[in-house]
Amino acid sequence: MCSLSAPEDKFSVIVAGGGHAGCEAALASARMGASTLLISLSPLASLSCNPAIGGLAKGHLVKEIDALGGAMAQIADRACLQFRLLNQTKGPAVWSSRAQVDIDLYPEYMRSLCDETVNLTVLSAEVSALWLEGKKLKGVIVNDRQKISASAVILTSGTFLNGLIHVGLQQTAGGRWLETPSLKLAEQLHRLNFNIRRLKTGTPPRLLSSSLNLSILDIQAGDPNPRMFSFQPKPPELPQTACYLTRTTELTHSLVRKNLDKSPMYTGIIKAAGARYCPSLEDKVVKFERESHQVFLEPQGLNSPLIYPNGISTSLPLSVQEQLVRSLPGCENAVIVRPGYAIEYDMLNPLDLTPWLESQIIEGLFMAGQINGTSGYEEAAAQGLAAGISAARKVRGDTPYIFERSQSYIGVLIDDLVTRGTNEPYRMFTSRSEYRLSLREDNADLRLTPVGYELGLLDRAAWNYFTQKRHMIDQTWQRLENINFKPNHIFNQKLGDLGQAPLKQPQNAAQLLGRPSLSLSDLARLEPGLSDIVNLPPAITEQIWIKAHYAGYLTREAKQAQQTVNHEQTAIPPDMDFILPGLSREICEKLDRIRPVNLGQAGRISGMTPAALNILSVYLHKRAVDK
């Protein structure tokens, strides 16, 4: 890491915090031409909780980050130890990619990428405070003394803001295990009257692999032909490894119940809200009536001696954790190298942010990641990418870029945060989107790569690769639309031979492919002129098959999305007085609190009624006409 010499050191954008949000923010800002400084005391992009990237709905975010030119997908592919496509028995809209990654190589590869990125400097230091003159942001203060100036600052503090670690009834200040928290910056944000809340997350103990009897457990292998995260795929670089499956037992549950008086969550010591969808072992035992819960034993790396027991996050005392772990089959002689723990930390209310993640309290200050109330590497990285884009555009005087809900899960994530807020760690699910048939993993590049290229995040080689793929898809689809079939005896006989119902009216090949049980190879047998279609790259044939099967649903969803876009295009002036005749005091207060930038965002505010939205719409229309 570099060292800076004097207070006059100046950057366009400073990113405070080198986690997944910070790295994506810094890389995006630098690639867009802004001189960028990334400040972190910790190793970059640490996998502080679990050694995995992606998962249900999270894989969608990783694909979107890649489509826009971000780093997470490519780094995960390089460090991949096992790749699995989840939900394969369901429809393409909910297919989700997950990769087990090497916990040491992932941050190493990310650091190398940051070091070789033009316009990006990495500094090992602590951001002690924001450098302010009145309410005007001038940059940051590092190590209590050195001022570094910048036009924009992005805070990506993760769990470090006022972080407090719990193991049993013992508490230790920390941002992560054995890492110091950010206390002075937290104190300053309190003094500046930010709306600060406390959240909690946790992690399981780490086990010594050689102390486990993995041979008696079920093996969970990865996909034999893995489809990697990046849309410019390469074969896995590392040997693919297996995970192992064990389960909690009645003894495990009995030990938890017997020791709840030693749990900081159940004695009231921890008052912060935890992640609802990633419960601790204590919560699983108390709240869910099951005989046992799955525990996945996941290697942390090719050269790591540690196992991550996914599914038993806990903050019980170490002596109890040892008993709990040894109650699991295959773990009877387990050695705990590091205890599991819970951590409380400060978050800033995301309702104080604009849809481009800029603070409404201090201009030029952006937030991304857990500081906004989210959980997960993927949610953090997605916000970091968006904040980096916004900061770079801010410093060069461009208008903000807003990711729309109908366009991406990144848009859903940010809109949920800044419009509805959150009282617990926010996690992405496909069910959060109204447009999940359109916002699939497989088409993230078709949706977002043009955006990434226009913003300056992608180089010419990546753009050429994408345009060639898009051209092949369009050309193939057009071929199918231009081949017509008539319901005659000969053709229906061919259909019958394939176990298909007869054709009753003329259809083109694209329409016929929409039949649930008809494949592209079946189509080639029906029409010899399409014999070459089965030899196209899988990424092309998959898009054609999905487009044919989802055609009707996608048309309806597109109409719905267009209605939303119309509302998004109705801007609300930033200085608008929301005290309007017919609006209740509660609605006026919420509008004034959140300051929606358009009618679409206003309509998604909790408690907004159709009548109130109509009043606001009429007023905005009248205001536009009067001008």
Side-chain angles (χ1 to χ4, degrees), residues 13-17 19 21-22 25 39 126-142 144 147 150-164 173 175 181-201 271-273 343-375 379-380 383-384 386-388 390-391 394 400 413-426 574 589-597 605-606:
V13 176
I14 291 176
V15 181
I39 305 176
E126 178 188 4
V127 175
S128 312
L130 300 173
W131 175 14
L132 299 170
E133 291 185 359
K135 281 281 188 175
K136 184 171 178 58
L137 181 67
K138 302 289 289 183
V140 300
I141 300 172
V142 299
D144 294 326
K147 294 180 178 178
S151 301
V153 173
I154 305 173
L155 290 185
T156 64
S157 52
T159 58
F160 280 74
L161 268 187
N162 209 11
L164 185 64
S182 178
L183 300 179
K184 294 175 182 177
L185 179 59
E187 290 171 4
Q188 182 192 37
L189 295 173
H190 274 272
R191 291 196 305 271
L192 292 169
N193 293 320
F194 278 89
N195 186 348
I196 296 176
R197 301 175 181 178
R198 295 285 277 175
L199 291 182
K200 167 259 173 188
T201 189
K271 296 182 171 62
I343 181 168
E344 290 183 282
Y345 56 95
D346 286 351
M347 65 160 282
L348 276 56
N349 193 340
L351 292 179
D352 291 329
L353 298 174
T354 66
W356 51 94
L357 298 179
E358 184 175 11
S359 170
Q360 297 188 49
I361 297 173
I362 297 177
E363 184 180 359
L365 179 65
F366 297 81
M367 317 281 188
Q370 285 174 288
I371 193 172
N372 291 339
T374 58
S375 68
E379 289 88 346
Q383 293 171 75
S390 297
K394 173 89 174 180
L413 165 65
I414 294 173
D415 183 65
D416 279 353
L417 291 173
V418 305
T419 303
R420 299 167 181 168
T422 186
N423 294 318
E424 61 187 42
Y426 176 104
E589 288 176 351
K590 287 185 175 181
L591 287 167
D592 189 61
R593 169 76 176 82
I594 295 172
R595 308 299 304 178
V597 299
I605 293 175
S606 176

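Computation of the quantities below employed the complete heavy-atom set of this structure, encompassing side-chain atoms and omitting hydrogens, waters and symmetry-equivalent molecules.
Ile594 CD1 to Glu589 CD: the interatomic distance, rounded to the nearest 0.5 Å, is 11.5 Å. The OG atom of Ser375 sits 9.5 Å away from atom CG of Leu199, with the distance rounded to the nearest 0.5 Å. Rounded to the nearest 0.5 Å, atoms CG (Leu365) and CD1 (Ile14) are 11.5 Å apart. Rounded to the nearest 0.5 Å, atoms OG (Ser359) and CG (Leu353) are 6.5 Å apart. With rounding to the nearest 0.5 angstrom, the OG atom of Ser390 is 7.0 Å from the CD1 atom of Ile414. For the atom pair OG (Ser128) and CG (Asp144), the distance works out to 4.0 Å, reported to the nearest 0.5 Å.
Between Leu185 and Phe160, the closest side-chain pair of non-hydrogen atoms is not below 4.5 Å. Residues Val597 and Trp356 meet the side-chain proximity criterion, which asks for heavy atoms closer than 4.5 Å. Leu351 places none of its side-chain heavy atoms less than 4.5 Å from the side chain of Val418. Side chains of Leu155 and Leu130 form a contact here, defined as non-hydrogen atoms less than 4.5 Å apart. Inter-residue side-chain proximity for Ile362 and Phe194 is flagged as met; some heavy-atom pair is nearer than 4.5 Å.
Scanning both residues, Ala25 and Ile154, for their nearest heavy atoms gives CB-CD1, 4.0 Å. Among all heavy-atom pairs drawn from Pro596 and Ile605, the shortest one is CG-CD1, 4.1 Å. Between Lys590 and Ser606, the shortest heavy-atom distance links the atoms NZ-O, 2.7 Å. Nearest heavy atom pair, residue Thr201 against residue Thr159, reads CG2-CG2, 4.2 Å. Asn423 and Ala273 make their closest contact through O-CB, 3.2 Å (heavy atoms, listed as atom of the first residue, atom of the second, distance). Contact between Arg595 and Pro574 at its shortest, heavy atoms only, is NH2-O, 2.8 Å.
Applying the salt bridge (Lys or Arg N to Asp or Glu O under 4.0 Å) test to Glu424 and every residue at least two apart in sequence or in another chain returns Arg276. With sequence neighbours left out, Ser151 forms a side chain to side chain contact (heavy atoms under 4.5 Å, CB included) with Lys10, Val395. The side chain to side chain contact (heavy atoms under 4.5 Å, CB included) test applied to Ser157 returns Leu161, Ile371, not counting sequence neighbours. When the salt bridge (Lys or Arg N to Asp or Glu O under 4.0 Å) test is applied to Arg420, the partners found at least two apart in sequence or on another chain are Asp416.
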Next item on the list: Show the numbers, then the answer: is there a side chain to side chain contact (heavy atoms under 4.5 Å, CB included) between Ile361 and Leu192?
Entry: CA-CA 9 Å; Ile361 297 173; Leu192 292 169; 5.8 Å; no
Checklist line | Steps toward salt bridge (Lys or Arg N to Asp or Glu O under 4.0 Å) verdict (Asp346, Arg197) | finding: CA-CA 6 Å; Asp346 286 351; Arg197 301 175 181 178; over 6 Å; no
Next item on the list: Could you please spell out the steps behind the side chain to side chain contact (heavy atoms under 4.5 Å, CB included) verdict for Asn162 and Arg198?
Entry: CA-CA 9 Å; Asn162 209 11; Arg198 295 285 277 175; 3.6 Å; yes
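In terms of modelled atom types and a separation under 3.5 Å, the side chain of Glu344 and the main chain of Leu164 share no donor-acceptor contact. Under a 3.5 Å cut-off, the side chain of Gln188 and the backbone N or O of Lys184 do not form any donor-acceptor pair. Listed for the Thr374 side chain is no donor-acceptor partner under 3.5 Å among the backbone atoms of Tyr426.
Residues in residues 349-373 take part in these salt bridge (charged side-chain N to carboxylate O under 4.0 Å, His left out) pairs, two or more places apart or across chains: Asp352-Arg593, Glu358-Lys394, Glu363-Lys394.
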Could you give the side-chain donor-acceptor pairs of residues 132-139 under 3.5 Å, partners two or more places apart or in another chain?
none

